[in-house]
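Below: one structure, written as structure tokens.
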2 protein chains.
Amino acid sequence: MNIYDIAREAGVSITTVSRVINHREQVNAVTRERVEKVLKAHNYKPNATARNLVTKSSRTVAVLTIDIREPHYARTAYTIERELSHRGYEAIICNTGGELKETERYLQSLMEKDVDGIILVGSVFNEIGKDARIRDMLKTFPVVLANGRLDLERSYSVLVDDQYGIGLSVDHLVENGHREICYFMDLDTGSAREKKTGFIQSMKKHGLECGQKQVIKVAHSVEGGRVGVQQLIEENRQVTAIVCGNDEIAVGAVKELTSRGIKVPEQISVTGYNHSEYARICQPELTTIDNKPELVAMLCVQLIISLIEKTDSYSSGVIRPELVPGKSVAQL
Amino acid sequence: MNIYDIAREAGVSITTVSRVINHREQVNAVTRERVEKVLKAHNYKPNATARNLVTKSSRTVAVLTIDIREPHYARTAYTIERELSHRGYEAIICNTGGELKETERYLQSLMEKDVDGIILVGSVFNEIGKDARIRDMLKTFPVVLANGRLDLERSYSVLVDDQYGIGLSVDHLVENGHREICYFMDLDTGSAREKKTGFIQSMKKHGLECGQKQVIKVAHSVEGGRVGVQQLIEENRQVTAIVCGNDEIAVGAVKELTSRGIKVPEQISVTGYNHSEYARICQPELTTIDNKPELVAMLCVQLIISLIEKTDSYSSGVIRPELVPGKSVAQL
DNA sequence: CTGAAAGCGCTTACAG
DNA sequence: CTGAAAGCGCTTACAG
């Protein structure tokens with residue numbers, strides 16, 4: 001059942017049927033009703049592919065992320081999908097693993113579809129976005145990058161001030177009397193470096209010692225946190241607090257400390273980052289930083305839509321994380 | 001740059017260009033090379049929409065799930081997406097919240113696209129799939145349901161034996177000397193009922209008392225587990241073990257018990273379900289049931305592809321969960 | 001207010 | 001092995 005069948009049955013041209021379907025104004029009320037009756041009678045559904053072919057749009061946005069199994073990306077991707085859906089767009093999800101080759105492979109096939117725009121979630125895309133071939137592909141789409149800068153024609157960014165975010169942890173610890181603080185850094189992505197900088201600057205701001213020794217690189221996982229603590233103990237370091245780059249690491253640190261009979265927070269305080277479910281499940285509950293993934297997601301959608309529909313109604317600004325107190329920080 | 005431009009420049013017809021693009025055999029090697037050179041020179045990308053319009057396929061599969069923020073669905077959706085991607089399909093993700101209205105809304109817009117198939121993830125879709133309008137919409141697609149039966153023409157199911165899965169928990173507890181066991185049931189979906197039945201039958205198999213009192217309905221969340229424990233304590237029940245319908249509930253139970261000074265597992269043992277990250281993060285680590293979401297996901301993709309491509313190479317069978325020992329069960 | 005016609009960029013019988 | 005032509009189901013100037 002296509003537009004021709006409807007037109008024939010309603011005794012009008014396909015142009016008129018098209019007008020009715022798309023709620024164009026220039027149709028006589030009587031004609032409109034006649035056509036609508038036929039439409040309803042056959043439960044007519046327009047063929048989106050045919051429409052896309054002429055309009056060059058598919059009302060689809062691709063969301064490239066690292067791995068939606070990570071709660072932080074899951075939350076972001078979820079909110080993006082819901083927001084898109086409410087505006088009549090579909091979301092294609094691509095788990096790139098943060099890898100250049102995979103990102104390229106996904107973009108390759110996205111280029112053949114009439115995808116309306118791309119949202120990049122994860123600060124790895126800052127690095128990936130520097131690759132010339134990736135840039136060539138990206139520049140054919142409107143693009144929004146969550147947490148980074150792309151410097152392309154039709155692209156926007158949503159920035160999260162992670163430097164400020166980690167600073168909140170340090171401030172909070174210092175306010176509670178801590179002075180021997182170290183940082184468990186998660187790998188080497190853009191936002192990880194931001195956080196590290198935030199840590200160092202904040203330590204300096206408070207006049208605390210902060211060199212190589214205070215920053216410990218660990219794997220971005222529960223295991224990473226455990227290993228970090230082991231290292232601290234082997235080196236016989238005397239710290240009263242550990243600031244972690246994410247909640248997984250913090251959970252690992254807490255578990256390792258606890259299993260060694262070191263009480264959290266009485267003997268060592270720990271802070272996380274992301275305000276994930278892990279922070280609530282951790283025993284004790286983590287004091288952590290909410291970096292507002294839902295807000296980031298909503299802004300991403302708003303921006304990509306304004307890029308797609310050229311409404312120019314975009315707003316932006318930098319997102320400020322917030323500290324969420326838990327029970328993993330003690331006053332000294 | 002379309003097929004016409006290429007044809008003109010290579011001095012052939014668009015038919016020939018199309019043949020080269022699609023690697024059809026009937027092309028002279030010399031002609032083929034000439035066309036390929038032009039293709040390469042212009043970095044030609046075929047327009048998928050135009051192709052879809054004639055082939056009636058978009059190499060896209062929609063994944064309807066409840067909420068990808070839940071780790072279990074995140075894992076399933078992740079694996080489905082990756083498997084689809086490797087086979088050249090894109091995944092559209094839809095977070096329906098498990099609601100009929102939303103499911104209908106998503107299906108409505110999916111029907112206008114040439115989506116090749118639909119994978120339903122979550123046993124709620126058993127209920128939703130009984131609605132007449134939903135069925136009418138679903139029957140226009142190949143459909144695979146993870147964990148349920150749909151009873152539609154072109155549909156397959158991947159079944160997980162959750163009854164057996166919960167039985168494993170009970171067996172394990174009984175082997176460890178427990179006899180006073182209760183079950184924290186998560187809501188009222190298909191698989192929740194399966195698990196409840198599994199619990200009751202398993203208790204009976206071991207000759208243990210199991211009536212209304214042993215099954216406690218709780219919210220499907222950490223909070224649910226806490227409330228369940230509160231209820232147990234208010235009613236002054238003497239149990240030595242709690243079997244939980246999922247890991248979130250188990251975490252809540254453990255937290256509530258611990259906060260009341262009741263030691264897990266020394267005084268009360270707790271088991272979870274899903275083998276999620278939560279189980280590993282919980283203190284103590286949960287003994288839980290792995291219900292193999294990755295395996296389920298892979299089978300779903302295999303089945304939907306065989307339905308789409310009519311390869312008839314499908315395999316099926318029922319998936320058996322496995323017990324994963326943690327530290328939340330003590331021997332009495 | 002309405003319609004004939006062109007066009008979106010492909011694939012695919014069919015004929016040669 | 002190759003090509004002319006129809007067709008997929010729409011939208012959109014353009015003319016009336």
Side-chain angles (χ1 to χ4, degrees), chain A residues 1-39 42-60 88 109-116 140 308-309, chain B residues 1-39 42-60 88 109-116 140 308-309:
Chain A
M1 185 82 351
N2 62 27
I3 211 174
Y4 286 91
D5 302 319
I6 301 293
R8 194 180 318 115
E9 196 164 328
V12 296
S13 72
I14 59 162
T15 310
T16 298
V17 176
S18 175
R19 288 197 183 103
V20 172
I21 292 167
N22 295 292
H23 306 97
R24 300 261 181 273
E25 290 313 312
Q26 338 99 312
V27 181
N28 178 290
V30 180
T31 313
R32 173 185 303 281
E33 237 173 88
R34 187 147 37 96
V35 172
E36 270 168 353
K37 190 170 296 172
V38 180
L39 252 19
H42 294 284
N43 190 24
Y44 169 82
K45 294 255 175 289
N47 179 312
T49 305
R51 171 184 290 160
N52 296 350
L53 184 58
V54 13
T55 62
K56 301 286 157 217
S57 149
S58 60
R59 296 197 77 81
T60 297
S109 85
L110 257 18
M111 285 183 70
E112 302 186 3
K113 314 226 169 182
D114 291 316
V115 169
D116 295 317
T140 66
I308 292 169
E309 298 173 0
Chain B
M1 185 83 346
N2 61 29
I3 211 175
Y4 286 92
D5 303 317
I6 302 293
R8 194 180 319 115
E9 195 164 327
V12 296
S13 73
I14 59 162
T15 310
T16 298
V17 176
S18 174
R19 288 196 181 104
V20 172
I21 293 167
N22 295 294
H23 307 98
R24 300 259 180 274
E25 289 315 311
Q26 338 98 311
V27 181
N28 179 291
V30 180
T31 313
R32 173 186 302 281
E33 236 172 87
R34 188 147 37 95
V35 174
E36 269 167 354
K37 191 170 296 172
V38 180
L39 250 19
H42 293 284
N43 189 26
Y44 170 83
K45 294 256 174 290
N47 178 313
T49 305
R51 172 183 290 162
N52 296 351
L53 184 58
V54 13
T55 62
K56 300 287 154 216
S57 149
S58 59
R59 295 197 77 79
T60 296
S109 84
L110 257 17
M111 283 183 71
E112 301 187 2
K113 315 226 168 180
D114 291 315
V115 169
D116 295 318
T140 66
I308 292 168
E309 297 173 359

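Proteins get letters first, then strands, A, B, ... in listed order; numbering begins at 1 in each. Only a predicted model underlies this, so the values are computations on that prediction, with no experimental measurement involved.
Nearest-nucleotide positions on DNA chain D for B/Val54 and B/Val12 put B/Val12 closer to the 5' end. For the pair A/Ala29 and A/Tyr4, nearest-nucleotide mapping onto DNA chain C gives the more 5' position to A/Ala29. Between B/Met1 and B/Arg19, the residue whose closest nucleotide on DNA chain C is further toward the 5' end is B/Met1.
Counting heavy atoms from C-beta on, the side chains of A/Val38 and A/Tyr44 never come closer than 4.5 Å. Within the 4.5 Å cutoff, no side-chain heavy atoms of B/Val35 are placed close to those of B/Glu9. At least one side-chain heavy atom of A/Met1 sits under 4.5 Å from a side-chain heavy atom of A/Ile6.
Heavy atoms of A/Arg24 sit under 4.0 angstrom from primed sugar atoms or phosphate atoms, though from no base atom. At the heavy-atom level, B/Ile21 lies nowhere under 4.0 Å from the strands shown. Using a 4.0 Å heavy-atom distance criterion, A/Asn52 is classed as making no nucleic acid contact. B/Ser18 comes within 4.0 angstrom of a base, heavy atoms only. Residue-level contact check: A/Thr49 touches neither bases nor backbone, having no heavy atom under 4.0 Å from any strand.
First and last contacting nucleotides of DNA chain C toward chain A (any atom under 4.0 angstrom from a heavy atom, 5' to 3' order): C/dC1 to C/dG9.
Pairing each heavy atom of B/Ser13 with each of B/Ala7, the nearest pair is C-CB, 3.8 Å. For B/Ser58 against A/Lys113, the heavy-atom pair with the smallest separation is O-NZ, 2.7 Å.
Of the possible donor and acceptor atoms, one in the side chain of A/Asn2 sits under 3.5 Å from a partner among the backbone N and O of A/Tyr4.
Side chains of A/Asn28 and A/Arg34: a donor-acceptor N/O pair is absent below 3.5 angstrom, by distance only.
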For B/Thr49 and A/Lys56, what are the C-alpha separation, side-chain angles and deciding distance, and is it a side chain to side chain donor-acceptor pair (under 3.5 Å)? CA-CA 9 Å; B/Thr49 305; A/Lys56 301 286 157 217; over 6 Å; no
Under 3.5 Å for both distances, Watson-Crick or G-U wobble, that's the pair rule; now give the dot-bracket for DNA chain D, with | marking pairs to another strand and [ ] for crossing ones. |||.||||||||.|||
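Shown are A/Val115, A/Asp116, A/Ile308, A/Asp114; of these, the side-chain contact (heavy atoms from CB on, under 4.5 Å) with A/Arg59 is made only by A/Asp116.
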